[in-house]
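Working notes for the structure below.
Predicted model only: the values in this text are computed from it and were never measured.
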Amino acid sequence: MFSLLVTIPANAKWAQNGVTVAGDNGYRGATNKLNWPRSLFVDDDQTVIIADYRNHRIMQWKNGDTTNGQVVAGGNGVGNGLNQLSNPTDVLIDKETDSVIICDRRNGRVVRWSRRSGITQGEILIDNIDCFGLAMEEQRYLYVSDVGKHEVRQYKLGEKNDTFVAGGNGQGDGLHQLNWPTYLFVDRDHSVYVSDYNNHRVMKWVEGAKEDIVVAGGQGQGNALTQLNYPQGIFVDTLGTLYVAESGNHRVMRWTQGDKKQGTVIAGGNGTGANQFNYLRGMSFDRHGNLYVVDAGNNRVQRFSIE
C-alpha cells in the first residue's frame, strides 16, 4: 500500500473532540490495550494498523470495533526470532502481497509479515539498519529512515541495492544534514518528506536534489506558530498541504504549500492530560479526510472527524 492520496479542502476543519478508536484501556498486553503506540496506517476500509511499541507487536483494529484489536505480527514476547518483534516504530500495508512491512527498531531490521491466516512469522527484508520510519510509493520503492546514520535510503523491494536519498552527511542542521530523522512521507511526485526530529523541522527532498528544503519549522524549538517542537508523524495531501504531529507541543499543525513561515493548529495544543494529547507520535488521514492520531502517552489512537 502506498501513501494514501487524500484531497482535503484548504479551509477544512475538524471536530475538536476526538473519538478513541483503539486502546485507552490501560497499557498491558491484552488485545484491547496499547502500550506506548508509535505509528499507524489507515487502510482503504478505515482499518487501522498500529505499531504497539512496548507490547512488541502490530495490532489491527477494524472500523467500528473499538473494543478489541487483533495481533497481526509479533505478540510472542520481545526477541529477535522470526516470530518476534522488539519495539516496532513504524508499519505500512503492502497490498500487492497482503502483508505489513514493519520497522523492527530494536532488532535493527525491516521485516514483512503476511496478513494471511496461519502465518506465524515474518521475513527479513533489510538487516543491520537503525531504522525508525517507513514509506512506500507505487513503483514499490521503500524508503527507510536511519536514525543512527541520520539519513534516508531507498530500497527496491526484492532487490539488494539501495540508494541514498537525504541526509547522510553526519549529524547536523545544514540543508544537507539531518538529526534523528523519524517519520517519512512520499508524495506522487516521489518527493520525500522527513521529520527532522532534533532539528525541530520537516524537510523535503525533491527527486535528484543535492540538498533538502525546509517546509515547516526550522526556527528553533518552541511553541510559536512558526516553530515545531519535536515533530513526529507527517502527512501530505494532494494539494501539497503538510500536516505535522508535534510531540513536544501536543498538537497537530497544518502548513500550506509555499508558506514556510507559520502553520495553524488543527487539533490539540491545550497541554497534556487524559482529555488532551499526551506526546503525539504517528498520524494519518483516511480517504474521507478524517484525522487519526497516535496519542502515545494516553495509550490510544483517536479519530477527529472532518467537518
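Counting only distance, with no hydrogens or angles, the side chain of Asp189 and the backbone of Ser191 share no donor-acceptor pair below 3.5 Å. Judged by distance alone, the side chain of Thr89 and the main-chain N or O of Phe132 form a donor-acceptor pair under 3.5 Å. Remark: side-chain polar atoms of Asp90 are paired, donor with acceptor, to backbone N or O of Leu134 under 3.5 angstrom. Formation of a donor-acceptor pair under 3.5 Å by the Asp286 side chain with backbone atoms of Gly289 is found in this model. Although no hydrogens or angles enter the test, the distance criterion places no donor-acceptor pair under 3.5 Å between the side chain of Asp130 and the main chain of Asp146. Of the possible donor and acceptor atoms, none in the side chain of Asp295 sits under 3.5 Å from a partner among the backbone N and O of Phe277. Gln84 contributes a side-chain N or O that, together with a main-chain N or O of Asn76, makes up a donor-acceptor pair within less than 3.5 Å.
Within the structure, every pair that satisfies the disulfide (SG to SG under 2.5 Å) test and touches residues 129-165, not counting sequence neighbours, is listed here: Cys103-Cys131. Listed by first and then second residue, the salt bridge (Lys or Arg N to Asp or Glu O under 4.0 Å) pairs that reach into residues 161-170 are Arg153-Asp162, sequence neighbours excluded. Identified under the disulfide (SG to SG under 2.5 Å) test for residues 151-231, with sequence neighbours left out: none. Residue pairs meeting the disulfide (SG to SG under 2.5 Å) criterion with at least one member in residues 172-225, sequence neighbours excluded, do not occur. Sorted by first and then second residue, the side-chain hydrogen bond (donor to acceptor under 3.5 Å, both in side chains) pairs involving residues 239-252 (not counting sequence neighbours) are Asn229-Asn249, Asp237-Tyr243, Glu246-Asn249, Glu246-Arg251, Ser247-Arg281. For residues 165-182, every residue pair satisfying the side-chain hydrogen bond (donor to acceptor under 3.5 Å, both in side chains) rule, not counting sequence neighbours, is listed here: Gln171-Asn179, Asn179-Asn198. A salt bridge (Lys or Arg N to Asp or Glu O under 4.0 Å) check over residues 208-236, counting only residues at least two apart or in different chains, returns nothing.
For Ala267 against Leu291, the heavy-atom pair with the smallest separation is CB-CD2, 4.1 Å. In this structure, Lys261 and Thr226 approach most closely via the heavy-atom pair O-CG2, 2.9 Å. Across all non-hydrogen atoms, the minimal contact from Leu178 to Asn199 is C-ND2, 4.0 Å. Residues Ser145 and Pro181 come closest through the heavy atom pair OG-O, 3.4 Å. Annotation for Ala15 and Phe304: closest pair O-CD2, 3.0 Å, computed over non-hydrogen atoms. Scanning both residues, Trp61 and Val21, for their nearest heavy atoms gives CE3-O, 3.5 Å.
Judged as a side chain to side chain contact (heavy atoms under 4.5 Å, CB included), and not counting sequence neighbours, the contacts of Ala12 are Ile8, Pro9, Trp14, Arg254, Ile306. In this structure Ser99 satisfies the side chain to side chain contact (heavy atoms under 4.5 Å, CB included) test together with Asp94, Thr97, Arg112, sequence neighbours excluded. Take Asn55 and apply the side chain to side chain contact (heavy atoms under 4.5 Å, CB included) test, not counting sequence neighbours, and it matches Asn35, Asp52, Arg57. A search for side chain to side chain contact (heavy atoms under 4.5 Å, CB included) contacts involving Ile124 returns Leu82, Arg109, Val111, Asp127, not counting sequence neighbours.
In this structure, CZ on Arg106 lies 5.5 Å from CG on Asn87, to the nearest 0.5 angstrom. With values rounded to the nearest 0.5 angstrom, Ser39 atom OG is found 12.5 Å from Met283 atom CE. Atom CG of Leu184 sits about 12.0 Å away from atom CD of Gln154, to the nearest 0.5 Å. Interatomic distance, Asp196 CG to Arg201 CZ, rounded to the nearest 0.5 Å: 4.5 Å. Atom-to-atom distance recorded for Ser284:OG and Leu92:CG is 11.0 Å, nearest 0.5 angstrom. Separating the CG atom in Leu125 from the CG atom in Asp104 is a distance of 11.0 Å, to the nearest 0.5 Å.
No side-chain donor from either of Gln219 and Gln227 sits under 3.5 Å from a side-chain acceptor of the other. A side-chain donor-acceptor contact under 3.5 Å links Asn68 and Thr31. No donor-acceptor contact under 3.5 angstrom links the side chains of Arg303 and Gln46, judged on distance only.
Contact check for Val6 versus Phe235: side-chain heavy atoms found under the 4.5 Å cut-off. Here the side chains of Val19 and Ser305 are not in contact, with every heavy-atom distance at 4.5 Å or above. Annotation: side chain of Tyr155 is in contact with side chain of Val144 (closest heavy-atom distance under 4.5 Å). Side-chain atoms of Arg105 and Arg38, non-hydrogen and from C-beta on, never get closer than 4.5 Å to each other. Under the 4.5 Å side-chain criterion, counting only non-hydrogen atoms from C-beta, Leu34 is not in contact with Val294. Proximity of Trp113 to Val72: side-chain heavy atoms (C-beta onward) are nowhere separated by under 4.5 Å. Leu157 places a side-chain heavy atom less than 4.5 Å from the side chain of Ile101. Taking 4.5 Å as the limit, some side-chain heavy atom of Leu40 sits within range of a side-chain heavy atom of Val42.
Of the options Asp44, Asp43, Asp45, a side-chain hydrogen bond (donor to acceptor under 3.5 Å, both in side chains) to Thr47 is made by Asp45 and by none of the others. If you run side chain to side chain contact (heavy atoms under 4.5 Å, CB included) between Met203 and each of Ile213, Leu175, Val215, only Leu175 comes through. Val192 pairs with exactly one of Val206, Val165, Asp187 by the side chain to side chain contact (heavy atoms under 4.5 Å, CB included) rule, that one being Val165.
Hydrophobic cluster membership differs between Leu142 and Phe164, with clusters built from Ile, Leu, Val, Met, Phe, Trp and Tyr side chains linked at under 4.5 angstrom.
Here the two rings, on Tyr183 and Tyr197, have centers that are 6.0 Å apart or farther.
Here Tyr53 is tied into one hydrophobic group with Trp36, Tyr279, each link being a pair of ILVMFWY side chains closer than 4.5 Å.
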Quiz prompt | Stepwise side-chain contact (heavy atoms from CB on, under 4.5 Å) check, Gln232 with Leu280 | solution = CA-CA 7 Å; Gln232 293 276 275; Leu280 297 182; 5.8 Å; no
Quiz item: Does the side-chain contact (heavy atoms from CB on, under 4.5 Å) test come out yes or no for Ile49 and Arg115, once each step is laid out?
Solution: CA-CA 11 Å; Ile49 309 292; Arg115 291 204 292 170; 4.0 Å; yes
Quiz item: Step by step, would you call Gln60 with Val48 a side-chain contact (heavy atoms from CB on, under 4.5 Å)?
Solution: CA-CA 6 Å; Gln60 175 176 283; Val48 180; over 6 Å; no
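Counting non-hydrogen atoms of other residues, nucleotides and ligands closer than 6.0 Å to NZ of Lys156 gives a total above 12.
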